[in-house]
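To start, the structure itself, in structure tokens.
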Amino acid sequence: MLHTHSLPHDIETTDTMTNYIHYPTKELREDIRYLQLLARSFPTLAAASSEIINLDAILNLPKGTEHFLSDVHGEYEAFQHVLKNASGTIKRKVNEIFENSLRESEKKDLCTLIYYPDEKLKLVKESETDMAEWYEITLNRLVKVAQSVSSKYTRSKVNKALPKDFSYIIQELLHESESDANKHAYFRQIISTIIYTRRADAFIIAMCELIQRLAIDCLHIIGDIFDRGPGAHIIMDTLCDYHRFDIQWGNHDVLWMGAYAGNDACIANVIRISLRYGNLDTIEEGYGVNLLPLATYAMETYRNTDLSHYMPLLKYSANDFSSRETQAMALMHKAISVMQWKLEGQIIQRNPDYGMDDRLLLGRIDTQRGTVNVDGVEYTLRDTDFPTVNPDDPYRLTTEEANIMAALHNTFGTSEKMNKHMSALIRHGSLYLAHNNNLMFHASIPLNADGSFRKVRIAGEDYAGKALYDRLDTLIQTACRRADDEPDSEYAVDYMWYLWCGPDSPLFDKSKMATFESYLIDDPEAHKEKKGNYYLLNNDEEICDRILAEFNVTGESAHIINGHVPVRTTKGENPIKANGKLLVIDGGFSKAYQPKTGIAGYTLVYHSRGLQLVQHNPFESRQKAILEGQDIISNTVLNEYSAHRLMVRDTDKGRELAQQVEDLNKLLAAYRRGLIKENK
């Protein structure tokens, strides 16, 4: 309670608590211009008071659930399932609500219905003999789950999430109880009427989607939506319709953004990776990229060359290809690989400040000896048949290659779906995010061996730590605006490729990307990519504290959250580092990584009780999830509970709202002192 004897002399006192809001008149006069602007939104004392009451109430609600995913790599079925089950949050809710009242099989069926309502309803109708009874029982159960997941939000926020067709009915069901004797008949009649008007199916679907929506308040993607999986475009479609999300760009995301920005080396890399893994769905069906000119050219140019090292890796492909199709992909794979190495060489030559002359490997091939010099060592090449490489000018595209790249360049720049998805990536994305005591970035922070922040030269100036990330954020935005008249536009577009594979790129941070060596050299020594110091030092708590402080994230509960480097549980690796300060949540969403990691990824859930790091087993298929109720088997590997339940006031948003309350209190004081007139 506020006592009058502790107040400054320049204070009025009144008899009611609502008027114990006092500020020195001098302070109010200093803020008068801002308060006058604020008064336009809250023109009366009553309006300002009502907003204070509303905001104060919100500050005392439990914080919403945040959901963290990383390195999805186009695996859209697993991604969508994890969104639907909220990393097990919905299953836990169902278990809590119906712990002793439902059998395990009934809880399993209810969860499957919530995840896949359309498909599950069709299955139920094939076997259920009394649908009216099933509808009544199921609707009551869904209402209980919806009441539980909506309880931490304001009515206003819940109402905004409601489907229009059923908004009023759902509001009534969420805020009434069947156990209330006065409302028992009313509640039951609503359920009964939904059934006899034959709206039960549509209502159940709406309720299930609402539960999914309210189970996650905010989704954080810690990079790499794109890569070798079959449905990055489907994931982007899902995100474009999602209620609230952000993305911390990964190296594969920036590669695609670079392709969209017009960097031909990025375009070549995107197509090469798609061909390498037999993933043409995203390229051709998702974004309408026409690969026929490349296929025709490759058939004419490389049909009599050795293709053994360019055969696509189809073990994890979602498609079945004929031997003829596989051969065609190998031909295109070789053609685009050669074009990529040429285009990358051109960028390196244009930008000597990259310090990447050691990657100009086409010019180091000895065609007579069949060798190449890499880092001072001569290696025998697996393949020396490169009919389009001119030893005197190895990085020049032939006329045919230039025409193909021009066509691809045009497609990446004009695809309507590409524009929509890249715009969403740019609008919702950044290289890092500091939010609610967590620092999120995809890969690394360039560090020196002693743990200090490494200086990286960009356009003639040095940047390190947070300043480096901020500068790169600006550079990426410049590149993706595709405004040729901006002074550093060309430099920015080139730099998108450097971010993909440059030694000092925080998205890569290795000595080299050994694509050339892995394709053309047998010796595994040539394939080694030396990791940057961040990967060697990130288990040091002091280093992590230094990084957190650099980004103004402090406190005992502060964390760094990374992806990028798959955690190999098969080798005993741990996603929890630096005494819990760093959490690495890339565990192998991509099927291609799962044999190495032994699992299918980690997700992180941050709710009002604390943090939970969840480890997932491989997701077999959407079909099995529906037909057999087969959920992803998940295990919680970290429970970090808060000493007190976290409320909205404990979050970044809460601090914003508290400041708004402070400003509104000043406005009230200004109204009461007559410094500002009410506009009634």
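Computed from a predicted structure; not experimentally measured. The first residue in the sequence is number 1, and the count goes up from there.
Under a 4.0 Å N-O distance rule, the pair Arg471/Glu461 does not qualify as a salt bridge. A salt bridge links Glu401 to Lys342: at least one charged side-chain nitrogen sits closer than 4.0 Å to a carboxylate oxygen. One finds a salt bridge joining Lys653 and Glu656 here, because a Lys/Arg side-chain nitrogen approaches an Asp/Glu carboxylate oxygen to under 4.0 Å. The residues Lys63 and Asp217 are annotated as not salt-bridged, no charged nitrogen and carboxylate oxygen being separated by less than 4.0 angstrom.
In this view, Asp470 and Tyr432, Lys466 satisfy the side chain to side chain contact (heavy atoms under 4.5 Å, CB included) rule, not counting sequence neighbours. Taking Asn251 as the reference, Asp224, His442, Trp500, Leu507, His564 meet the side chain to side chain contact (heavy atoms under 4.5 Å, CB included) condition, with sequence neighbours excluded. Thr282 is linked by a side-chain hydrogen bond (donor to acceptor under 3.5 Å, both in side chains) to His233, counting only residues two or more places apart in sequence or in another chain. Listed by chain and number, the residues in a side-chain hydrogen bond (donor to acceptor under 3.5 Å, both in side chains) with Lys160 amount to none (sequence neighbours excluded). With sequence neighbours left out, the ring-ring contact (aromatic ring centres under 6.0 Å, His included) criterion links Phe166 to Phe203. Residues that satisfy the side chain to side chain contact (heavy atoms under 4.5 Å, CB included) test with Ala407, not counting sequence neighbours, are absent from this structure.
In this structure, a donor-acceptor pair under 3.5 Å is absent between the side chains of Gln327 and Ser323. Side-chain contact of Tyr519 with His333: a donor-acceptor pair under 3.5 Å is present, judged by distance alone. A donor atom on one side chain and an acceptor atom on the other are not found under 3.5 Å apart for Tyr606 and His220. With hydrogens and angles left out, the side-chain atoms of Asn419 and Tyr260 include a donor and acceptor closer than 3.5 Å. Defined by atom type and a distance below 3.5 Å, a donor-acceptor pair is missing between the side-chain atoms of Tyr76 and Asp281.
Aromatic ring orientation, Tyr287 versus Trp256: tilted (interplanar angle from 30° to 60°). Ring pair Tyr498/Tyr495 is tilted by interplanar angle, where 30° to 60° counts as tilted.
Annotation for Asp393: atom CG counts as buried by contact number, over 12 foreign heavy atoms lying within 6.0 Å. Glu490 CD: 12 or fewer foreign heavy atoms inside a 6.0 Å radius.
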The test is salt bridge (Lys or Arg N to Asp or Glu O under 4.0 Å); show your working for Arg457 and Asp504 and say whether it passes.
CA-CA 9 Å; Arg457 177 146 290 224; Asp504 283 334; over 6 Å; no
List the steps and the verdict of side-chain contact (heavy atoms from CB on, under 4.5 Å) for Phe516 and Leu362.
CA-CA 9 Å; Phe516 182 96; Leu362 282 182; 4.1 Å; yes
From CA spacing to verdict: side-chain contact (heavy atoms from CB on, under 4.5 Å), Leu239, Leu219:
CA-CA 9 Å; Leu239 290 175; Leu219 175 65; 3.8 Å; yes
From CA spacing to verdict: side-chain contact (heavy atoms from CB on, under 4.5 Å), Leu343, Leu397:
CA-CA 8 Å; Leu343 291 163; Leu397 297 179; 3.9 Å; yes
May I have the step-by-step check of side-chain hydrogen bond (donor to acceptor under 3.5 Å, both in side chains) for Glu300 and Thr296, ending in yes or no?
CA-CA 6 Å; Glu300 293 172 354; Thr296 303; over 6 Å; no
Between Glu284 and Ser274, does a side-chain contact (heavy atoms from CB on, under 4.5 Å) hold up when you go through it step by step?
CA-CA 10 Å; Glu284 293 184 314; Ser274 297; over 6 Å; no
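Atom-to-atom distance recorded for Ile211:CD1 and Ile114:CD1 is 4.5 Å, nearest 0.5 angstrom. For the atom pair CG (Leu314) and CE (Met329), the distance works out to 5.0 Å, reported to the nearest 0.5 Å. Annotation: the span from Asn351 atom CG to Asp494 atom CG amounts to 4.5 Å, rounded to 0.5 Å.
Taking every heavy atom of both residues into account, Asn410 and Thr414 meet most closely at O-OG1, 2.8 Å. Contact record, Tyr153 with Leu214: OH-O, 2.9 Å, taken as the closest heavy-atom pair. When all heavy atoms of Pro163 and Ala206 are compared, the closest pair comes out as CG-CB, 3.7 Å. Of all heavy-atom pairs spanning Tyr297 and Thr398, the tightest one is OH-OG1, 4.2 Å. Nearest heavy-atom pair across Val493 and Ala261 is CG2-O, 4.0 Å. Heavy atoms only, all atoms of each residue included: Ala443 and Asn562 are closest at O-OD1, 3.4 Å.
With a 4.5 Å cut-off on side-chain heavy atoms, Met236 and Leu425 count as touching. Considering only heavy atoms from C-beta on, Tyr469 comes within 4.5 Å of Ile445 through its side chain. Contact check for Trp249 versus Leu472: no side-chain heavy atoms found under the 4.5 Å cut-off.
Here the side chain of Ser430 pairs no donor or acceptor atom with the backbone of Gln248 at under 3.5 angstrom. Using modelled atom types, no side-chain atom of Gln212 and backbone atom of Leu83 make a donor-acceptor pair closer than 3.5 Å. A distance-only check finds a donor-acceptor pair linking the side chain of Ser518 to the backbone of Thr515 [under 3.5 Å]. Between the side chain of Asn263 and the backbone N or O of Ala265 there is at least one donor-acceptor pair closer than 3.5 Å. Side-chain N or O atoms of His243 include one that pairs as donor or acceptor with a backbone N or O of Ile216 at under 3.5 Å. Between the side chain of Gln80 and the backbone N or O of Ile235, no donor-acceptor pair lies under 3.5 Å.
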